[in-house]
Amino acid sequence: MKFKELGLDDRLLEGISAIGFEDATPVQEQAIPKIISGKDIIASAQTGTGKTAAFLLPVIHQILQADDDQSNIKALIIVPTRELAVQIDQQMEGLSYFTSVSSIAVYGGGDGQSFSREKSALSQGADVIIGTPGRLIAHLNLGYVQVSNLKCLVLDEADRMLDMGFHDDLMKIISYLPKQRQNLMFSATMPPKIRDLARKILQEPDEINIAISKPAERVAQAAFILYDNQKIPLAKYLLKAKKLQSVIIFCSTKNSAKQLSKELKKLEFSVEDIHSDLEQGEREQVLRDFKNKKLSILVATDILSRGIDVEDIELVVNYDVPNDGEDYIHRIGRTARAASKGVAFTFVNEKEQNKFYAIEKLLETPVPKGKLPASIGEGPEYKPRTGSRSNGRKKYNSRKKRK
DNA sequence: AAAAAAT
């Protein structure tokens, strides 16, 4: 379906075609008319499905239609990470370019001036605020944010926000908002705690389900079964094998990311690590350089596994097996966007075999096992425990840990 | 079990 058929404001259509969008994605096709009709929405959709535009477009559209030129907040978008706030604000800029609708991103970690900049912008008013929970609360507590005219609340990556312990923060923010408002909730997964949150916040929502997250068929996947000390040599080997312009390597800990990036720097790769130990300014610089292809290899924690969109990634390496099958799908979904095809490698050490097997079960298909190059040596056998104990996800019957 | 997020 074309965007033109969705009944959006002409000024928005101009922005859409300036960005080069033409056809709406399935989630956009379903969500946009429903949101314009004023319904609450709960949608399961992951990054790469066009989810952001699916809520930004109708939100901007409604602001344009209301034709209320008062400068107070009309929509609030809450997201889990600072990087995501920045990215959504950038997309907002593009889509709203030919309109008078304004937006501002607010998030922590700035240089001290950023708070006062945000404060004065918020005092003057903006139509749309995009922010991380802690910083939003800080601003709301100080009382200059005019939310009395707010019409719409968006929770993006809601499951991730709950995982990060933001439940109480979300409820606190919501307590500031007018009761009469539209609510849109997006979540990659729909576990019971998300349903509970939805019951608390949404009113008779329509549900949108975008088919469960199977990795794109264009992603060629392979797993290397190896010993832990073979990970660094194999990473070096794979990166040296081919000249690649855009690679993300995911690690499960900050330390593992730092260590690997240090090793790769020794070989003069164009590489940086990104995680929460970096100052916010550094984080943004690294991500910008990577998006602009000034930097070819990014070693990242799960700070980037969800939500962040970079074009033309050729290779994703799971240097560690992600803790959650959904994270695996999110991570490898970074590659093979649009017309390009991509490759995803996963390194599986002995301790990670069961976790990886659980992911294969979630994918409902085994991932082909790559042969280690001779210079790396022999790896162990792939012998995951396939019994019910190691289904890796919820362990309802495990006894409570005693401290 | 680790990551992220307000100062």
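Residue numbering restarts at 1 for every chain, and letters A, B, ... go by the order of the sequence lines. What you see below is based on every heavy atom in this structure, not just the backbone, and it leaves out hydrogens, waters and symmetry mates.
- Taking side-chain N and O atoms only, A:Arg82 has no distance below 4.0 Å to OP1 or OP2 of B:dA3.
- Under the rule for a ring-ring contact (aromatic ring centres under 6.0 Å, His included), A:Phe269 has no partner lying at least two apart in sequence or in another chain.
- At least one side-chain nitrogen or oxygen of A:Thr132 sits closer than 4.0 Å to the OP1 or OP2 atom of B:dA6.
- Of the residues in residues 158-167 of chain A, those with a non-hydrogen atom less than 4.0 angstrom from any atom of DNA chain B are A:Asp163, A:Met164, A:Phe166.
- For the pair A:Glu157 CD and B:dA5 C1', the computed distance is 15 Å after rounding to whole Å.
- If you check B:dA1, B:dA5, B:dA6 against the side chain of A:Glu83, the one that comes closest is B:dA5.
- Put simply, NZ on A:Lys254 is 9 Å from P on B:dA5, counting in whole angstrom units.
- Between A:Asp277 atom CG and B:dA5 atom P there is a gap of 11 Å when expressed in whole angstrom units.
- Counting only residues at least two apart or in different chains, salt bridge (charged side-chain N to carboxylate O under 4.0 Å, His left out) contacts with residues 117-130 of chain A comprise A:Lys74-A:Asp127, A:Glu118-A:Arg135.
- Looking at residues two or more places apart in sequence or on another chain, you find no ring-ring contact (aromatic ring centres under 6.0 Å, His included) involving A:Phe98.
- Here A:Arg135 does not reach the OP1 or OP2 of B:dA5: none of its side-chain N or O atoms lies under 4.0 Å away.
- Among all heavy-atom pairs drawn from A:Asn183 and A:Asp40, the shortest one is N-OD1, 2.8 Å.
- Sorted by first and then second residue, the pairs that involve residues 154-178 of chain A and meet salt bridge (charged side-chain N to carboxylate O under 4.0 Å, His left out), not counting sequence neighbours, are A:Lys51-A:Asp156, A:Lys51-A:Glu157, A:Asp159-A:Arg306, A:Arg160-A:Asp327, A:Asp163-A:Lys193.
- Looking at residues two or more places apart in sequence or on another chain, you find no ring-ring contact (aromatic ring centres under 6.0 Å, His included) involving A:Phe356.
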